[in-house]
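Written below as structure tokens is the structure these notes are about.
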Number of protein chains: 2
Amino acid sequence: MATLKDVAERAEVTVTTVSRVINNRGYISEQTRKKVYDVMKELNYQPNELARSLSMQRTNTIGIIVPHIVHPYFAKLISNLENAAANKGYKILLCNSKAKNEKELEYIQMCKSNRVSGIVLCSRNVDIEEMKNLDIPVITIERNLEAGTVGIQCDNYQGGCLATEHLISLGCKNLLHLSGIKNENMPADARAEGFIAVCEKHGVRHREVMATSTIYNTLDYHEHIRKAIEEDPGVDGIFASSDLIAAQTIQICAEMNISIPGQIRLVGFDDVDIARLTTPTITTIRQPVREMAEWAIEFIQRSLDHEAVPEQFKLPVTLVKRNST
Amino acid sequence: MATLKDVAERAEVTVTTVSRVINNRGYISEQTRKKVYDVMKELNYQPNELARSLSMQRTNTIGIIVPHIVHPYFAKLISNLENAAANKGYKILLCNSKAKNEKELEYIQMCKSNRVSGIVLCSRNVDIEEMKNLDIPVITIERNLEAGTVGIQCDNYQGGCLATEHLISLGCKNLLHLSGIKNENMPADARAEGFIAVCEKHGVRHREVMATSTIYNTLDYHEHIRKAIEEDPGVDGIFASSDLIAAQTIQICAEMNISIPGQIRLVGFDDVDIARLTTPTITTIRQPVREMAEWAIEFIQRSLDHEAVPEQFKLPVTLVKRNST
DNA sequence: GAAAATATGTCAAGCGGTTGACATGAAGCA
DNA sequence: TGCTTCATGTCAACCGCTTGACATATTTTC
């Protein structure tokens, strides 16, 4: 592959001049600039980013660590992050931790070795200690991480409230919340808090059923949901803590011959594509994923520029009414 | 951040020795090895992969270029590629071309600049010319690319046949094939060929309706599907060329009060997660995505080792019976 | 007791680019 | 004419790591 030197020789200038052309520094005549560009095209030259990064002591790479890729929420998040990153000239190093501690650590080390500009962490079991001597900006999304990192999340509590208020306003008297795994690191827990607060406020009968991490890892909630419904057949409103769970709830109800929204009204969370692909479509709480992704990249940039960034950044959610309620 | 030199000084050895420890070359006593490792831990040292790659003239990075990330098929593919890559010590540079020509080119250049070990191309509009002077192994998945690159695909023709045979064996007499966009670069076109061949063989009435690229880009086939069904209300079997289309077909049928599988039997393609999340679940043609991903990584490795790799590699598909037929 | 294997060290070039310091012309203009 | 501004060149250090060549010392092994 052609190098800077090759280009310089062929264009009959020095490497300094070529470098100046590429990086737009110093004085360069239009003539020389054109000549250099011509030779670059002729030799099919592509600057070696590795050498460049090494020399400049910075890469334009952002590491993304997620616990799942096929999970529609993370797929959407990754897509938006990639987009926001590309718009600012960053590229993406994608890591799938499979929600495993050791893989998370391994990937964080890997990101460090590759001198990424920043890390977007959407998976989190790692001890905070590990993050301390990292010297790399870390932004978490929908995870709590106290140690001086920046956390972006949607207003989960508000989401829980919105969903529950909606169900109650439709006349539901016996609510069930299918929550995810309990984990102090997950702000999603606040969805349940909102649910409970609103139910108590209105004096509505309610119950919460949590998933196990085994279920979370396989993403198959079917039996779990069936059991939860069978335990209390009088349920007339369900708030699922993700659209994925909501979609599976629809299936279980169909099997049990329970009509949605006839007998049970259902609200999901996230507003990912499947919410529009099920029958009926799912009324859900919309996370502003695009904005969350854009802020994540923005905050990484600000950190690199030594600008101040908030420790916690919470974005509002909205209710999207569809056919399941 | 600590460098090799820092470690060497602190461990009272030379950089050569430390490098030998890290790369497991030459003779090293257990004592020295331990000492070096201790210091590395103490200084929280992480070798600079950039410098390493530059020096060794090779990275362990693989570029993946896809036209969509949220599309469940690509999400599944990315997930499997990441997994296969990680198992062999590669990391992933993720690129979303949005099915746009210029972005594809841009990303290919970017991969080149970053000296990736190989590119997995799942998006393809690029002129073949661009690929010729690339010096990087390129593996395509479900795309045709004649110019000396390796193409992995599933047996789309066989898939079309299997789906159609299945529908006919269930007694369908009036078949509709909802195909994707027509594109000479897409082997998925063979699905329609298989469909037609089997219909003709059995003398079954059949019709194919193609999508436009506008639809493909938004991934919203609803109106397209509705029109296709309204044009011929007598349809009793539909072969959708993706599970995404099949899922939307279920919705349209529900709206039109057509029961599945009662009045229309439906077969999808891909076997992605949504096929198990709809009501009814979707009978589909399963692509062996995991194997395809593993072979892709394997072929990149073989190319790097100058081993021979096949030009075309086709894997068999299977029918997965669920509730839509 | 000599040869071979083991364990380190020294030195320095090379990977491909960036960048600062400094020099040298030429054109522009007061 | 003298002073800027512009355009380029030369030289070389530096980023952090790899690696070959060669030297030296200590252990093993036959």
Side-chain angles (χ1 to χ4, degrees), chain A residues 1-40 43-61 109-117 135-136, chain B residues 1-40 43-61 109-117 135-136:
Chain A
M1 271 190 197
T3 70
L4 236 207
K5 210 168 146 195
D6 299 331
V7 175
E9 277 169 13
R10 190 147 178 94
E12 295 172 305
V13 294
T14 59
V15 290
T16 307
T17 306
V18 178
S19 179
R20 278 180 187 144
V21 170
I22 293 177
N23 298 297
N24 252 314
R25 296 176 53 254
Y27 298 114
I28 292 290
S29 67
E30 260 321 304
Q31 203 180 343
T32 312
R33 187 188 303 276
K34 184 176 176 331
K35 174 102 193 202
V36 170
Y37 276 126
D38 287 350
V39 174
M40 278 170 52
L43 297 184
N44 193 22
Y45 171 74
Q46 283 295 124
N48 184 328
E49 277 297 327
L50 295 170
R52 238 178 153 193
S53 295
L54 178 60
S55 180
M56 298 204 288
Q57 303 268 59
R58 70 168 309 212
T59 62
N60 287 309
T61 307
Q109 302 293 20
M110 195 262 267
C111 284
K112 194 175 171 191
S113 275
N114 284 280
R115 300 299 189 266
V116 296
S117 297
D135 321 311
I136 295 178
Chain B
M1 272 191 196
T3 69
L4 237 206
K5 211 170 144 193
D6 299 331
V7 175
E9 276 168 13
R10 191 145 178 94
E12 295 173 304
V13 295
T14 60
V15 290
T16 307
T17 305
V18 178
S19 177
R20 276 179 187 144
V21 169
I22 294 176
N23 297 295
N24 251 313
R25 297 175 53 252
Y27 299 113
I28 293 289
S29 67
E30 260 322 302
Q31 204 182 338
T32 310
R33 187 187 304 275
K34 184 174 179 329
K35 173 103 194 204
V36 169
Y37 276 127
D38 286 349
V39 174
M40 280 170 50
L43 296 183
N44 194 20
Y45 170 75
Q46 284 294 124
N48 185 327
E49 276 298 326
L50 295 170
R52 230 170 161 204
S53 296
L54 178 61
S55 179
M56 297 204 289
Q57 303 266 63
R58 69 167 310 210
T59 62
N60 287 310
T61 307
Q109 303 292 20
M110 194 263 265
C111 284
K112 194 175 169 188
S113 276
N114 284 280
R115 301 298 190 267
V116 297
S117 296
D135 321 310
I136 294 178

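Chain identifiers are assigned alphabetically (A, B, ...) following the order of the sequence lines, protein sequences preceding nucleic acid strands; residue numbering begins at 1 within each chain. Every heavy atom of this structure was used, including side-chain atoms; hydrogens, water molecules and symmetry mates were not.
Nucleotides of DNA chain D that come within less than 4.0 Å of any heavy atom of chain A span, from the 5' end to the 3' end, D:dC6 to D:dG16.
For A:S19, the side-chain contact (heavy atoms from CB on, under 4.5 Å) partners two or more places apart in sequence, or in a different chain, are A:L4, A:N23. Residues passing the salt bridge (Lys or Arg N to Asp or Glu O under 4.0 Å) test with B:D38, sequence neighbours excluded: B:K34. Listed by chain and number, the residues in a side-chain contact (heavy atoms from CB on, under 4.5 Å) with B:T3 are B:K5, B:D6 (sequence neighbours excluded). In this structure A:T16 satisfies the side chain to side chain donor-acceptor pair (under 3.5 Å) test with no other residue, sequence neighbours excluded. For the side-chain contact (heavy atoms from CB on, under 4.5 Å) test, residues two or more places apart in sequence or in another chain that qualify with B:N114 are A:E49, A:K91, B:L93, B:M110. In this structure, the side-chain contact (heavy atoms from CB on, under 4.5 Å) partners of A:L50, at least two apart in sequence or on a different chain, are A:N48, B:L50, B:S53, B:T59, B:R115. Checked against side chain to side chain donor-acceptor pair (under 3.5 Å), B:T17 has the following partners two or more places apart in sequence or in another chain: B:T14.
Over its full length, the helix from C:dG1-D:dC30 to C:dA30-D:dT1 turns its helical axis through 20°, comparing axes from the five pairs at each end and rounding to 10°.
For A:N23 and C:dT18, the shortest distance from a side-chain N or O to OP1 or OP2 is below 4.0 Å.
For residues 17-30 of chain A, every residue pair satisfying the salt bridge (Lys or Arg N to Asp or Glu O under 4.0 Å) rule, not counting sequence neighbours, is listed here: A:E30-A:R33.
Near-neighbour residues of DNA chain D inside residues 50-59 of chain B, defined by a heavy atom below 4.0 Å, number-ordered: B:A51, B:R52, B:S55, B:M56.
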Below 3.5 Å is the cut-off: list the nitrogen or oxygen pairs between protein and nucleotides 6-8 of chain C, distance only.
from	atom 1	to	atom 2	distance (Å)
C:dT6	OP2	B:Y27	OH	2.9
C:dT8	OP1	B:S29	OG	3.1
C:dT8	OP1	B:T32	OG1	2.4
C:dT8	OP2	B:S29	N	2.5
C:dT8	OP2	B:S29	OG	2.5
C:dT8	OP2	B:T32	OG1	2.7

